[in-house]
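Position 1 is the first residue of the sequence; numbering continues from there. Since the structure is predicted, the reported quantities are computational estimates derived from the model, not experimental observations. Values below: every heavy atom of this structure, side chains too, minus hydrogens, waters and symmetry copies.
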Amino acid sequence: MEKYISYVKSPLGYIEIIANDEYLLEVNFTNIIKEIRSNNITAETAKQLNEYFNYERMFFDLPFKLDGTSFQIKCWQQLLEIPYGSTITYKEQAQLIGHPKAYRAVGQANGKNKLVIIIPCHRVTGMLDNLGGYSGGIHIKKFLLEHEQVGLKRKNFV
């Protein structure tokens, strides 16, 4: 199956979007722009990411395919339940998926999320105001959390 790649410029730099004919496969922060070959899925993803950064979108409506272990997929699916502008801790996420002592494994699974922003792993933090980790860097996680707080105040979503 063919792969398609496109990019969107965001306040955080470029975001790479990878899809096939049926599904969104990856959304990553990048500094390197490769050959652009887009399709309807990459174009719609770029549109929705632009709406997110313009405070017009809280939720993404995209066909994506999760590729990971059953534990990772359970973690990523639970991330979709965290409301825009809210956070939970890794420990709370572990409890929500039925593995209360697996908070470190939850953090590792979240770190392997290939659909950043779309699957909002940035909404999971450590305890006691510790942001925890983020594959794009803590400065990006902090930006995304602050961005969503501003968005909640604006309330002009589609």
Report task. State, with a plain yes or no, whether a side-chain heavy atom of Y7 is found less than 4.5 Å away from one of K34. Result -> yes

Requested in this report: Identify which one of L96, L66, I97, T69 satisfies the side chain to side chain contact (heavy atoms under 4.5 Å, CB included) criterion when paired with K74.
Outcome: I97

Query raised in the report: If you measure from CD1 on I36 to OG on S6, what distance do you get to the nearest 0.5 Å?
Result: 7.0 Å

Query raised in the report: I33, L49: one ILVMFWY side-chain cluster at the under-4.5 Å cut-off?
Result: no

Query raised in the report: Would you say R37's side chain and Y4's backbone share a donor-acceptor pair under 3.5 angstrom?
Result: no

Report task. Indicate if V116 and L80 have the same hydrophobic cluster label, given that clusters are the connected sets of ILVMFWY residues with side-chain heavy-atom separations under 4.5 angstrom. Result -> yes

Query raised in the report: Could you go step by step and tell me if Y55 and H147 meet the ring pair (Phe, Tyr, Trp, His ring centres under 6.0 Å) rule?
Result: CA-CA 8 Å; Y55 304 104; H147 173 81; 4.3 Å; yes

Query raised in the report: Are the side chain of N28 and the backbone N or O of T30 linked by a donor-acceptor pair below 3.5 Å?
Result: no

Requested in this report: Under the side-chain contact (heavy atoms from CB on, under 4.5 Å) rule, what do Q78 and E81 come out as? Steps first, then yes or no, please.
Outcome: CA-CA 5 Å; Q78 198 288 316; E81 303 297 319; 4.1 Å; yes

Requested in this report: Measure the shortest side-chain to side-chain distance between F64 and V27 over non-hydrogen atoms and say whether it is less than 4.5 angstrom.
Outcome: no

Query raised in the report: How far apart are the closest heavy atoms of Y84 and G151, and which atoms are they?
Result: OH-CA, 3.6 Å

Query raised in the report: Is there a donor-acceptor contact under 3.5 Å from the side chain of Q48 to the main chain of T45?
Result: no

Report task. Measure across T42 and A19 and return the closest heavy-atom pair with its distance rounded to 0.1 Å. Result -> CG2-CB, 3.8 Å

Report task. Would you check if the side chain of N39 reaches a backbone N or O of I41 as a donor-acceptor pair within less than 3.5 Å? Result -> yes

Query raised in the report: Any sub-3.5 Å donor-acceptor pair from Q93's side-chain atoms to C75's backbone N or O?
Result: yes

Requested in this report: Report yes if the side chains of L79 and R123 come closer than 4.5 Å at any heavy-atom pair, otherwise no.
Outcome: no

Requested in this report: Could you please spell out the steps behind the side-chain contact (heavy atoms from CB on, under 4.5 Å) verdict for Y103 and E92?
Outcome: CA-CA 8 Å; Y103 51 91; E92 289 169 326; over 6 Å; no

Requested in this report: Show your reasoning for whether side-chain contact (heavy atoms from CB on, under 4.5 Å) applies to K3 and I18.
Outcome: CA-CA 7 Å; K3 283 196 178 174; I18 302 173; 4.1 Å; yes

Requested in this report: Please tell me if the side chains of F29 and E16 come closer than 4.5 Å, counting only heavy atoms from C-beta onward.
Outcome: no

Report task. Would you kindly confirm whether I140 and V8 end up in one hydrophobic cluster when ILVMFWY residues are joined by side chain heavy atoms under 4.5 Å apart? Result -> yes

**Report entry** Heavy-atom check, side chain of L115 versus side chain of L62, under 4.5 Å
**Finding:** no

**Report entry** Side-chain heavy atoms of I118 within contact of F59, under 4.5 Å
**Finding:** no

Query raised in the report: Between S10 and F53, what is the shortest heavy-atom contact and its length?
Result: CB-CE1, 3.5 Å

Query raised in the report: Does L145 offer a backbone N or O that forms a donor-acceptor pair with the side chain of E148 under 3.5 Å?
Result: no

Requested in this report: Check whether any side-chain heavy atom of L24 lies under 4.5 Å from a side-chain heavy atom of F60, and answer yes or no.
Outcome: no

Query raised in the report: Side chains of E22 and N20: donor-acceptor distance under 3.5 Å anywhere?
Result: no

Query raised in the report: Quick one: does W76's side chain have a donor or acceptor within less than 3.5 Å of a partner on D67's backbone?
Result: no

Query raised in the report: Does a side chain donor of either Q95 or Y90 reach within less than 3.5 Å of an acceptor in the other side chain?
Result: no

Query raised in the report: About how many Å separate CG of L25 and CE of M1, when rounded to the nearest 0.5 Å?
Result: 9.0 Å

Report task. Answer yes if the ring centres of F143 and H122 are under 6.0 angstrom apart, and no otherwise. Result -> no

Query raised in the report: Heavy atoms, side chains only, cut-off 4.5 Å: are E56 and N50 in contact?
Result: no

Query raised in the report: Out of Q77, Q108, K112, which residue meets the side chain to side chain contact (heavy atoms under 4.5 Å, CB included) rule with Q72?
Result: K112

Query raised in the report: So does Y14 have more than 12 non-hydrogen atoms from other groups sitting under 6.0 Å from OH?
Result: no

**Report entry** Backbone N/O of V124 and side chain of N110: donor-acceptor pair under 3.5 Å
**Finding:** no

Query raised in the report: Could you give the distance from OG1 (T87) to NZ (K141), rounded to the nearest 0.5 Å?
Result: 9.0 Å

Query raised in the report: How long is the gap from CD on E51 to CZ on R57, to the nearest 0.5 Å?
Result: 4.5 Å

Report task. Taking all non-hydrogen atoms of both residues into account, name the closest pair between C121 and N113 and its distance. Result -> SG-ND2, 3.3 Å

Query raised in the report: Are I5 and I17 connected, step by step, through hydrophobic side chains (Ile, Leu, Val, Met, Phe, Trp, Tyr) whose heavy atoms are closer than 4.5 Å?
Result: no

